[in-house]
Amino acid sequence: MNKKTTIYDIARALGITVSTVSRALNNVPTISEATRQLVLAKAKELNYSVNKIASSLSSGKSNTIGVIVPTMQIHFFAEAVHSIEKELKKHNYSLLLYQSNESYTDEVNGVKTLLEAQVDGIIASLSLETQDIAHFQEVIKQGKCLIIFDRTHQDIAAPVVKLNDFEAGYLAAKHLIEQGYKKIGFITTNKEIAIFQDRFSGFEAALKEADLPQLDELIVKGELSIEAGIKGTEQILKSSVKPDAIIGGDDFTAVGIIQALKTAQINIPETGVIGFANQTFSSFITPTLSSIDQQANKMGEECAKLFLQMVKQKDPYEDIQQVVLDPILIKRKSTCRIDK
């Protein structure tokens, strides 16, 4: 195996000091342009690459930020990560991405791994299993920048970027009510995650405002997936009360709802279906799926902006900000039985 080139090798080859090589590679102004170009040329010739971890240990900065998301299979998270990377790249930051796969244990390991990699900060969205937040408290304790987005936790004393999820649930239910639906079901998660609880609270508020009852037989709390949407709908259809609309906790769950309704030969949108996240597939399935857009791009941009502010402060937590974005209702054929 070939030995990796170090700055000592470059210094030896050029007959100059190691400190001169280091200053030239780091663009220190006291080094002449001629010397800098000489060092860069020799570094390229010897296939030298910067050891970022070693560099971060000496400078206290790695120009790398860690991002933890539940899964990249959900378009919302993929879009948010893309936006974070796009913004931070303008400021010479690289991303290390870690997927928790909705596992608390994997999330804890992700934080540990990123801290060991000497990242300058972590931007994270919590897994469905996360209740204990000690691993995020450790990030704050170490003085690293921490930003929580989308799935948040009230006890994490760090900046937050999130959707107004109460309004999102309210918008979804209000749209159904305006389309003439009255017996509205809801299939969502049983996990104690704030965004899902807030959406359900918004749903309840819209029903109350319209003087419509919340029908417990039409509420299913379990998992969020296509399979959960199918099983939840089958359970609802067996109840004594027949729904005329069902809200899915996310777009995948809503797809399962549509599939189960089709299997039962129930017409859509005579029975309406709406989800959350505005996944790419929502506009391509039959019927097209109404959804609540969570502004993934904007959320990623705001995360990057907060990080760039925090990293300039002596105490990154001297001004803890919360950015709340408005949900956007996307009307499609799955709910439009009046506006056809």
Side-chain angles (χ1 to χ4, degrees), residues 164-190 195-279 281-294 327-340:
N164 184 336
D165 284 289
F166 177 92
E167 182 67 15
Y170 175 84
L171 267 182
K174 185 174 175 63
H175 167 61
L176 292 173
I177 293 165
E178 288 174 344
Q179 290 296 308
Y181 300 106
K182 295 181 178 179
K183 293 181 288 184
I184 304 171
F186 203 132
I187 300 174
T188 186
T189 180
N190 57 8
I195 67 169
F196 300 110
Q197 293 175 330
D198 289 347
R199 288 174 190 174
F200 193 79
S201 295
F203 158 73
E204 291 178 311
L207 292 181
K208 186 175 181 181
E209 181 182 83
D211 290 322
L212 292 175
Q214 179 182 311
L215 303 166
D216 291 341
E217 304 98 309
L218 305 184
I219 308 301
V220 177
K221 293 186 177 182
E223 303 297 327
L224 292 174
S225 65
I226 293 174
E227 187 62 28
I230 294 170
K231 289 183 177 178
T233 304
E234 289 172 347
Q235 179 180 327
I236 287 172
L237 293 178
K238 290 175 183 175
S239 69
S240 58
V241 180
K242 300 306 176 188
D244 56 12
I246 305 175
I247 300 174
D250 65 5
D251 282 349
F252 287 97
T253 305
V255 167
I257 295 168
I258 288 174
Q259 189 171 328
L261 291 175
K262 284 183 175 181
T263 300
Q265 297 185 327
I266 295 173
N267 177 269
I268 308 165
E270 286 309 309
T271 296
V273 182
I274 190 169
F276 295 90
N278 193 27
Q279 296 280 352
F281 61 72
S282 300
S283 58
F284 295 101
I285 61 174
T286 303
T288 53
L289 175 65
S290 294
S291 189
I292 302 295
D293 190 278
Q294 297 172 240
I328 300 170
L329 171 65
I330 308 296
K331 301 177 186 178
R332 297 193 180 99
K333 291 181 179 179
S334 68
T335 59
C336 295
R337 68 176 182 184
I338 293 176
D339 300 335
K340 291 183 179 178

Quick check for you: to the nearest 0.5 Å, what is the distance between [X] atom [atom1] and [Y] atom [atom2]?
X: I274; Y: I330; atom1: CD1; atom2: CD1; result: 9.5 Å
X: Y170; Y: L207; atom1: OH; atom2: CG; result: 10.5 Å
X: L176; Y: C336; atom1: CG; atom2: SG; result: 9.5 Å
X: S283; Y: N278; atom1: OG; atom2: CG; result: 7.5 Å
X: T189; Y: Q197; atom1: OG1; atom2: CD; result: 9.5 Å
X: Q214; Y: I219; atom1: CD; atom2: CD1; result: 5.0 Å

Is any side-chain heavy atom of [X] less than 4.5 Å from a side-chain heavy atom of [Y]?
X: I236; Y: I257; value: no
X: D251; Y: V255; value: no
X: I292; Y: L329; value: yes
X: I266; Y: L237; value: yes
X: S290; Y: V273; value: no
X: T286; Y: K262; value: yes

Between the main-chain N or O of Y181 and the side-chain N or O of D244, is there a donor-acceptor pair closer than 3.5 Å?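 No: the side chain of D244 does not pair with the backbone of Y181.
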Could you tell me which non-hydrogen atom of [X] sits nearest to which non-hydrogen atom of [Y], and how far apart they are?
X: D165; Y: R199; answer: OD1-NE, 3.0 Å
X: A277; Y: S291; answer: N-OG, 3.4 Å
X: G275; Y: A254; answer: CA-CB, 4.0 Å
X: S334; Y: P269; answer: O-CB, 3.5 Å
X: S239; Y: E217; answer: CB-CB, 3.8 Å
X: F166; Y: A205; answer: CZ-CB, 3.6 Å

Above 12 or not: heavy atoms from other molecules or residues under 6.0 Å from NZ of K242?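 Counting other residues, nucleotides and ligands, NZ of K242 exceeds 12 neighbours.
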Should E178 and K174 count as an ion pair when the cut-off is N to O under 4.0 Å?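 Counted as a salt bridge, because a side-chain N and a carboxylate O are separated by less than 4.0 Å.
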Any side-chain donor-acceptor pair under 3.5 Å between R337 and N267?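 No, N267 and R337 have no side-chain donor paired with an acceptor closer than 3.5 Å.
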Verdict with reasoning, T253 to D250, per side chain to side chain donor-acceptor pair (under 3.5 Å): CA-CA 5 Å; T253 305; D250 65 5; 2.7 Å; yes
Step-by-step side chain to side chain contact (heavy atoms under 4.5 Å, CB included) determination, L218 to I246: CA-CA 8 Å; L218 305 184; I246 305 175; over 6 Å; no
Report yes if the distance between the aromatic ring centroids of F200 and F203 is under 6.0 Å, otherwise no.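 Yes, the ring centres sit under 6.0 Å apart.
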